[in-house]
2 protein chains.
Amino acid sequence: MPKHVQLADYLRARIDDGTYPPRAKLPSEATLVQETGFARDTVRKGIAVLLDEGRVYVVRGLGTFVSPAD
Amino acid sequence: MPKHVQLADYLRARIDDGTYPPRAKLPSEATLVQETGFARDTVRKGIAVLLDEGRVYVVRGLGTFVSPAD
DNA sequence: GGAAATTTGTTCGTATGTATA
DNA sequence: TTATACATACGAACAAATTTC
């Protein structure tokens with residue numbers, strides 16, 4: 001399975017299990033790059049999956065957050 | 001060779017030749033951006049190289065300085 | 001006390017090139 | 001050809017620390 005899908009699955013699971021509750025800030029791209037060892041490109045693709053699903057929203061200069069409705 | 005490595009090499013050479021003696025302040029990121037034409041991102045990566053080498057230290061709000069031991 | 005300017009720190013947005021499967 | 005993945009590079013917004021007026 002592609003790395004970005006793996007990351008998306010992992011983050012989705014963390015949202016579902018409450019590690020990242022609604023409106024919580026996800027780790028930054030830089031942090032995820034460091035923690036996963038993936039390239040930023042790959043990390044962003046993973047986040048993009050959750051973005052497409054409406055599970056998270058992104059604020060430039062601030063970070064990525066779990067959607068409130070969640 | 002990557003630009004940030006080029007910049008790191010250049011600054012290291014200026015430290016070594018005494019242009020920037022120990023404890024001297026290096027040009028600010030903004031100045032280096034202007035002088036080199038590189039993006040801030042690239043300038044910061046160049047400085048990060050010297051930081052990793054312990055050749056400089058950075059004080060937020062003040063600037064980047066040549067390490068005293070140098 | 002406060003406001004502004006300077007400077008570094010952090011974060012996301014975008015684009016290009018390269019390599020591999 | 002396409003998808004995946006990484007590295008480099010530039011841009012933009014936001015944040016925090018420091019100094020100066």
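Just so it is clear: chains get the letters A, B, ... in the order the sequence lines come, proteins before strands, and each one is counted from 1. Atoms considered below: every heavy atom in the structure, side chains included; atoms not considered: hydrogens, waters and symmetry mates.
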Taking distance alone, no hydrogens or angles, what donor-acceptor pairs closer than 3.5 Å link side-chain atoms of residues 7-15 of chain B to residues at least two apart or in another chain?
unit_1: B/D9; atom_1: OD1; unit_2: B/R12; atom_2: NH1; d: 2.9
unit_1: B/R12; atom_1: NE; unit_2: B/E53; atom_2: OE1; d: 3.0
unit_1: B/R12; atom_1: NH2; unit_2: B/E53; atom_2: OE2; d: 2.9
unit_1: B/R14; atom_1: NE; unit_2: B/D17; atom_2: OD2; d: 2.7
unit_1: B/R14; atom_1: NH2; unit_2: B/D17; atom_2: OD2; d: 2.8

Is any side-chain heavy atom of A/I47 closer than 4.5 Å to a side-chain heavy atom of A/L32? yes
Going by ring-ring contact (aromatic ring centres under 6.0 Å, His included), name the residues that satisfy it together with A/F65, two or more places apart in sequence or in a different chain. A/Y57
Where the side chain of A/S67 meets the backbone of A/G54, is there a donor-acceptor pair that is under 3.5 Å apart? yes
Start and end of the DNA chain C segment that chain B contacts, any atom under 4.0 Å from a heavy atom: C/dT7 to C/dT10
Does a sphere of radius 6.0 Å around CD in B/Q6 hold more than 12 heavy atoms from other residues, nucleotides or ligands, not counting ones at 6.0 Å or beyond? yes
Please report, rounded to the nearest Å, how far the P atom of D/dA7 is from the CZ atom of A/F38. 12 Å
In this structure, how many angstroms lie between the C1' atom of D/dA3 and the NZ atom of A/K3, rounded? 14 Å
For nucleotides 16-21 of chain D, list the nitrogen or oxygen atoms of the protein found under 3.5 Å from its nitrogen or oxygen atoms, one pair per line.
unit_1: D/dA16; atom_1: O4'; unit_2: B/R60; atom_2: NH2; d: 2.5

Electrostatic pair A/D41:A/K3 at N-O distance under 4.0 angstrom: no
Can you spot which of A/R60, A/K45, A/R44 makes a salt bridge (Lys or Arg N to Asp or Glu O under 4.0 Å) with A/E29? A/R44
Side-chain donor or acceptor of B/T64 paired with backbone N/O of B/L26 under 3.5 Å: no
To the nearest angstrom, the NE2-C1' distance between B/H4 and D/dA7 comes to 9 Å
Expected list for residues 39-46 of chain A near DNA chain C, using heavy atoms below 4.0 Å, is A/R40, A/R44
Residues forming a side-chain contact (heavy atoms from CB on, under 4.5 Å) with B/D52, sequence neighbours excluded: none
For residues A/L62 and A/L51: do they belong to one hydrophobic cluster (side chain heavy atoms under 4.5 Å, members Ile, Leu, Val, Met, Phe, Trp, Tyr)? no
Whole angstrom is fine here: how far is it from CG in A/L7 over to C1' in D/dA5? 13 Å
